[in-house]
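Naming: A, B, ... by sequence-line order, numbering from 1 per chain.
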Protein chains: 2
Amino acid sequence: MQLQIIATVDAVILTIDGGALKVVLHERPNDPFQGMAALPGGYIREDEDKNAEDAMRRVLSDKAGLSGFYLEQLATYSGPDRDPRGWSISVAYLALVPADQLKIDKSKAALFPVDDLPALPFDHGRILHDAVQRLRGKGAYSTLPASLLSKTFTLSEMHAAYEVALGMQIDASSFRRKVLALNILKDRAEMRQDGNKRPAKTYALKEGVTTFNRTLGAT
Amino acid sequence: MQLQIIATVDAVILTIDGGALKVVLHERPNDPFQGMAALPGGYIREDEDKNAEDAMRRVLSDKAGLSGFYLEQLATYSGPDRDPRGWSISVAYLALVPADQLKIDKSKAALFPVDDLPALPFDHGRILHDAVQRLRGKGAYSTLPASLLSKTFTLSEMHAAYEVALGMQIDASSFRRKVLALNILKDRAEMRQDGNKRPAKTYALKEGVTTFNRTLGAT
DNA sequence: AAATGCAATATGCAACTTGCTAATTAATGA
DNA sequence: TCATTAATTAGCAAGTTGCATATTGCATTT
């Protein structure tokens, strides 16, 4: 009653690098599409994975040495044609990783700006597009963009992260006022960031806060 | 390298009935859990379904005679234990259907208020919970709740739908003002709803409008 | 025919938010 | 000490929002 089905997971790993939103693409080691840059992914292993998310974490840990980052399920893509090997179903995830936590093996992977991408295999173009949509949509009224920063950050860094993640300019003054009024941050010790100018106070996200009613951007 | 995997789709069909948000549960005709009320669902058929959504529409059409309603992918649930038959993966969907478009075969299915549910098989309890969360979260700044109304509706009906969908009271006066300012509705002919009182103007959603920046509820 | 009941719809307003622009503050280096 | 630059505050006009109070249009009742 049920034929063989190919079940996989794929990750859209986003980060901020050089003031731009970038995605991690791996060079595929095997067929199909051997040698092409593609979203990192792998098979779900029924014998060892507790579920799809578990499989995704295993793959990300193995392929990219990643752990302790923000991960949310994006959507599931399926059909007979998306993978030349046959009817397949892929659960895609959105991962947000601070740049300094990404250690890329340059012989196998690289960062690409999300608005200047090479042709991608399978339906990875669509998946990537959906991932950016999700970040932009949900990011405006949630702490998602802050997941692209290290645990501790300044308001200027947070402001910049939101601008990059949402792909729009946000008035710095209003941003500070709104963020502070939302009461989603806790203070930390201070530090000067750029080395020369006035030092900025540092903050961290309060636990459990993820979404709010007012928007931090958009219009 | 890949064992047999069970691939299914499940639907959380929500509607407004008697002023409450309700879900359609089907009585399972076969094992496992034969006879229990559960989310309607079925196998993905690789030989005839173009993808998971296609399978979902086929199932809903066959089991409930539904077509032309709002359907969005919710999330995918997987693991070795959720289905006693083995490692399974289920793509869940959220369907929003106007009450008058639902024709339930009472010998096979029934409506249950989402805040007073029977015990559910598999992980259907969690899926249902996630579906309601989605409606409440996304509904505050989107036209989702209006999908629970017929094509044409009055502002009072729309207001009531948002209150039920979001599970909170919303000031009627502000609601009207905001909705009209958002410019997401187009006028229709008028009609009196309750028969005796002042007749209300009717509206329909403009095509393509789905989300907006201001919130229609929440705080 | 006028008064009444009710929901639909509109008005008024004080309190709050928001986008801008213009200060002020804290380091650094000349 | 002063100029420079980023961090952080202030000030304000314009726009929004919640809430309370009218008004309006039918149907039914006096």
Can you give each donor-acceptor pair under 3.5 Å made by side-chain atoms of residues 53-60 of chain B, sequence neighbours left out, with the distance rounded to 0.1 Å?
| residue | atom | partner | partner atom | Å |
| --- | --- | --- | --- | --- |
| B:E53 | OE2 | B:R57 | NE | 3.3 |
| B:E53 | OE2 | B:R57 | NH2 | 3.1 |
| B:D54 | OD2 | B:K50 | N | 3.0 |
| B:R58 | NE | B:D49 | OD1 | 2.9 |
| B:R58 | NH2 | B:Y43 | O | 2.9 |
| B:R58 | NH2 | B:D49 | OD2 | 2.9 |

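- For the OP1/OP2 pair of D:dG18 and a distance below 4.0 Å, the side-chain nitrogens and oxygens of B:S174 include at least one atom meeting the criterion.
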Side-chain donor-acceptor pairs of residues 104-119 of chain B under 3.5 Å, sequence neighbours excluded:
| residue | atom | partner | partner atom | Å |
| --- | --- | --- | --- | --- |
| B:D105 | OD1 | B:S107 | N | 3.0 |
| B:D105 | OD1 | B:S107 | OG | 2.8 |

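- Residue A:S156 has a polar side-chain atom (N or O) positioned under 4.0 Å from OP1 or OP2 of D:dA7.
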Between the protein and nucleotides 4-6 of chain C, which nitrogen or oxygen pairs are less than 3.5 angstrom apart?
none

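- For the helix from C:dA1-D:dT30 to C:dA30-D:dT1, the end axes, each set by the C1' atoms of five terminal pairs, are bent relative to each other by 20° (nearest 10°).
- We find that CG of A:N213 is positioned 16 Å from P of C:dC16, with the value rounded to whole Å.
- Side-chain contact check for B:H159 versus B:I170: some heavy-atom pair is nearer than 4.5 Å.
- Atom CZ in B:R214 sits roughly 15 Å away from atom C1' in D:dG18 (whole-Å rounding).
- B:H159 has its NE2 atom 11 Å from the P atom of D:dG18, to the nearest Å.
- For the pair A:M168 CE and C:dG19 C1', the computed distance is 12 Å after rounding to whole Å.
- Between the side chains of A:Y77 and A:D130, a donor-acceptor pair is found at a separation under 3.5 Å.
- Between the side chain of A:S173 and the base of D:dA10, at least one donor-acceptor pair of N or O atoms lies under 3.5 Å.
- Side-chain contact, B:T76 with A:T76: a donor N or O sits under 3.5 Å from an acceptor N or O.
- Comparing D:dA7, C:dA8, D:dT8 against the side chain of A:L155 picks out D:dT8 as the nearest.
- B:L216 has its CG atom 12 Å from the C1' atom of D:dT17, to the nearest Å.
- In plain terms, the two heavy atoms of A:R82 and A:D123 that are nearest each other are NE-OD2, 2.8 Å.
- Contact record, B:A140 with B:F212: O-CE1, 4.2 Å, taken as the closest heavy-atom pair.
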Report, one line per pair, each donor and acceptor closer than 3.5 Å where one atom sits in a side chain of residues 176-185 of chain B; sequence neighbours left out.
| residue | atom | partner | partner atom | Å |
| --- | --- | --- | --- | --- |
| B:K178 | NZ | B:T215 | O | 2.8 |
| B:N183 | OD1 | B:K206 | NZ | 2.9 |

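- A centroid separation of less than 6.0 Å is found between the aromatic rings of B:Y162 and B:F175.
- Residues A:R188 and A:K201 have side chains not in contact (no heavy-atom distance under 4.5 Å, counting atoms from C-beta outward).
- Within a heavy-atom distance below 4.0 Å of DNA chain C, the residues of residues 175-185 of chain A found are A:R177, A:K178.
- Closest to the A:D171 side chain, of the nucleotides C:dT9, C:dT21, C:dA27, is C:dT21.
- B:H124 contributes atom NE2, which lies 4.0 Å from atom CG of B:D10 (distance to the nearest 0.5 angstrom).
- Distance CD (A:E157) to C1' (D:dA6): 13 Å, rounded to an integer number of Å.
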